[in-house]
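Report on the following structure.
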Amino acid sequence: MPALAPALLAVAGLTVSPVLTPSTAAAAGAGVRADTETDGTVVASANTQQVRFVVTAQPRSGAQNEPPEASVDVAAFERRGGEWASVGRQSLDETWFWEVVTGPQAVCRLSLSEHPEPRLTLSLRYSPSLGCAEPTPFAVVDGELVRE
């Protein structure tokens, strides 16, 4: 039922800043449209009417006999003239375990707000035993994706 609350509030005319749970974030990633396609496996996505953020994982070759690794990027798109236009991509500094970051419990926190500028706050799971990374904020400022 919590996943319905933002939609119900929006219908009532309230401005909401959606906060996605790991399960709704995974579901949101499945609906990425072709005009915002990115390379890699979509981990999560979130959007407003004007901005879309897409989190993707790319496989990396790890050391022999080690679990497969991944790098993770956040891409942002702005709606311009009815089309989604890329405004940048930022890579997360960490290296992730592929099976964890592309799994069903990968997203610890994914929140999206619009004011004062479009902002995404992201935290991914390192592993079940290590827990979650510190939240990393991203914003679209003057038509460019920046890490805050």
Side-chain angles (χ1 to χ4, degrees), residues 1-60 68-128 130-148:
M1 182 79 161
L4 296 177
L8 293 175
L9 290 173
V11 170
L14 301 174
T15 302
V16 294
S17 297
V19 177
L20 301 178
T21 65
S23 60
T24 57
V32 176
R33 293 192 350 220
D35 53 358
T36 56
E37 282 296 320
T38 59
D39 293 333
T41 298
V42 175
V43 174
S45 69
N47 63 277
T48 68
Q49 292 289 335
Q50 295 301 316
V51 177
R52 173 171 285 168
F53 293 94
V54 181
V55 181
T56 57
Q58 295 78 29
R60 291 175 46 174
E69 296 177 345
S71 58
V72 174
D73 294 336
V74 174
F77 304 86
E78 256 184 345
R79 189 174 295 279
R80 296 181 185 154
E83 301 285 327
W84 290 107
S86 176
V87 294
R89 176 183 303 269
Q90 295 275 333
S91 295
L92 297 180
D93 296 331
E94 298 91 344
T95 297
W96 307 88
F97 292 116
W98 176 259
E99 296 298 323
V100 175
V101 80
T102 60
Q105 305 268 321
V107 179
C108 298
R109 177 178 177 193
L110 180 70
S111 62
L112 177 64
S113 62
E114 293 184 274
H115 302 288
E117 64 269 324
R119 175 176 284 115
L120 176 84
T121 302
L122 174 68
S123 173
L124 297 176
R125 186 172 312 282
Y126 285 122
S127 72
L130 294 174
C132 300
E134 288 294 317
T136 304
F138 298 88
V140 175
V141 179
D142 296 326
E144 184 177 335
L145 177 64
V146 296
R147 187 181 323 197
E148 297 185 313

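Along the sequence shown, residues carry numbers from 1. Just the heavy atoms: all of them, side chains too, but no hydrogens, waters or symmetry mates, feed the values below.
- A donor-acceptor pair under 3.5 Å is formed between the side chain of Arg125 and the backbone N or O of Gln105.
- A donor-acceptor pair under 3.5 Å is formed between the side chain of Ser123 and the backbone N or O of Ala133.
- With rounding to the nearest 0.5 Å, the separation of CZ in Arg89 from CZ in Phe77 is 6.5 Å.
- Residue Glu117 comes nearest to Val140 through the heavy atom pair CB-O, 3.5 Å, listed as atom of the first residue, atom of the second, then distance.
- The shortest distance between side-chain heavy atoms of Val55 and Asp73 does not fall below 4.5 Å.
- In this structure Tyr126 satisfies the ring-ring contact (aromatic ring centres under 6.0 Å, His included) test together with Trp96, sequence neighbours excluded.
- For Leu145 against Ala76, the heavy-atom pair with the smallest separation is CD1-CB, 3.9 Å.
- Interatomic distance, CG of Leu120 versus CZ of Arg52, reported as 13.0 Å (0.5 Å rounding).
- Put simply, the side chain of Thr136 does not reach to within 4.5 Å of the side chain of Val74, judged on heavy atoms.
- In this structure, CD in Gln90 is found 8.0 Å from CD in Glu144, a value given to the nearest 0.5 Å.
- Side-chain contact between Val100 and Pro128 is present, with at least one heavy-atom pair separated by less than 4.5 Å.
- When all heavy atoms are compared, the tightest approach of Leu92 to Leu122 is CD1-CD2, 4.1 Å.
- Remark: Phe138 CZ is packed, more than 12 non-hydrogen atoms of other residues, nucleotides or ligands lying under 6.0 Å away.
- Here the shortest heavy-atom pairing between Ala106 and Val101 reads CB-O, 3.1 Å.
- Scanning all heavy atoms of the two residues, the minimum distance from Glu148 to Ala139 falls at OE2-CB, 3.5 Å.
- At distances below 3.5 Å, not a single donor-acceptor pair connects side-chain atoms of Arg79 with backbone N or O atoms of Thr48.
- Minimum heavy-atom separation, Trp98 to Ala70: CE3-CB, 3.4 Å.
- Counting heavy atoms from C-beta outward, Glu78 and Val51 have side chains that approach closer than 4.5 Å.
- Between the CZ atom of Phe97 and the CG atom of Leu124 there is a distance of 13.5 Å, given to the nearest 0.5 Å.
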